[in-house]
Amino acid sequence: MPYNGYPDHLPLAEGRWSGEDGATVLLQKPCGIGDLDGDGAADAVGVVALNGGGSGTFFTVLVWRNSGGKPAFRALADLGDRTPVLSVKVAGQQATVVWLTRSDGRSMAELDIRRTSTYQLSGTTLAEVGHTDAPYSP
């Protein structure tokens, strides 16, 4: 599946991809393991951060399905620019992602919301089915 405007897949080598245009994609530390698609096999939910060389860092939640014991990319959900992920958990065929974001009207540097989003996998779509917000201050 194309990612963030790139026409081909981006193979991560040791959790990193570097493009000829100077962009980098890095696999982040938070990761969750559990059965998302109901087949009884443990799938992986992780986060990558894309930096295209500017000031922004774009975070994306990804799902890799367990295909015969090997990871196979399945779906993604973009979180946006400068929205770091704190934790990822998988239980009950849902992924729970805790991440930081901002209120409307705040600058990109002002993270003031700790959002807990719940996602479900349906085919090749990772959809947010709900979220709760709590105040956040660094």
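- Using a 4.5 Å heavy-atom threshold, the side chains of Leu12 and Val25 count as touching.
- Across every non-hydrogen atom of Val88 and Pro30, the tightest pair is CG2-CB, 3.9 Å.
- Note on Leu27 and Leu50: same hydrophobic cluster, where clusters join Ile, Leu, Val, Met, Phe, Trp and Tyr whose side-chain heavy atoms are under 4.5 Å apart, directly or indirectly.
- Among all heavy-atom pairs drawn from Gln120 and Val129, the shortest one is OE1-CG1, 3.5 Å.
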When you look at Val45 and Leu36, which way does the side-chain contact (heavy atoms from CB on, under 4.5 Å) test go after all the steps? CA-CA 9 Å; Val45 178; Leu36 273 179; 3.3 Å; yes

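- One hydrophobic cluster, built from ILVMFWY side chains closer than 4.5 Å, cannot hold both Leu76 and Val61; they sit in different ones.
- Atom OH of Tyr136 and atom CG of Leu86 lie 7.0 Å apart (nearest 0.5 Å).
- Using a 4.5 Å heavy-atom cutoff, the side chains of Val47 and Thr60 are not in contact.
- In this structure, Glu110 contributes its side chain and Ser107 its backbone to a donor-acceptor pair below 3.5 Å.
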Test side-chain contact (heavy atoms from CB on, under 4.5 Å) on Arg82 and Phe58 and set out the steps. CA-CA 6 Å; Arg82 295 172 242 189; Phe58 297 84; over 6 Å; no

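- When each of Arg74, Arg65, Gln93 is tested with Asp43 by the rule side chain to side chain contact (heavy atoms under 4.5 Å, CB included), just one qualifies, namely Arg65.
- Of the possible polar contacts, one joining the Asp21 side chain to the Ala23 backbone as a donor-acceptor pair under 3.5 Å is found.
- No donor-acceptor contact under 3.5 angstrom links the side chains of Gln94 and Thr118, judged on distance only.
- Here the side chain of Arg106 pairs no donor or acceptor atom with the backbone of Leu111 at under 3.5 angstrom.
- In this structure, Asp35 contributes its side chain and Ala42 its backbone to no donor-acceptor pair below 3.5 Å.
- Between the CG atom of Asp39 and the CG atom of Asn66 there is a distance of 7.0 Å, given to the nearest 0.5 Å.
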Run the side-chain contact (heavy atoms from CB on, under 4.5 Å) check on Thr96 and Ser117 step by step: do they pass? CA-CA 6 Å; Thr96 302; Ser117 296; over 6 Å; no

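- Between the side chains of Thr24 and Trp17, no donor-acceptor pair is found at a separation under 3.5 Å.
- Taking 4.5 Å as the limit, some side-chain heavy atom of Val97 sits within range of a side-chain heavy atom of Val85.
- Here the closest heavy-atom approach between residue Asp81 and residue Gly56 is recorded as OD1-CA, 3.2 Å.
- Of the inter-residue distances, the one linking His131 atom NE2 with Trp99 atom CH2 reads 8.0 Å to the nearest 0.5 angstrom.
- Put simply, CZ on Arg16 and CG on Leu10 are 13.0 Å apart, with the number rounded to the nearest 0.5 Å.
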CA sep, side-chain torsions, deciding dist, call: Phe59, Val48, side-chain contact (heavy atoms from CB on, under 4.5 Å): CA-CA 6 Å; Phe59 290 85; Val48 295; over 6 Å; no

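- Ion pairing of Asp133 with Arg115 is present here, as a side-chain N (NZ or NE/NH1/NH2) and a carboxylate O approach within less than 4.0 Å.
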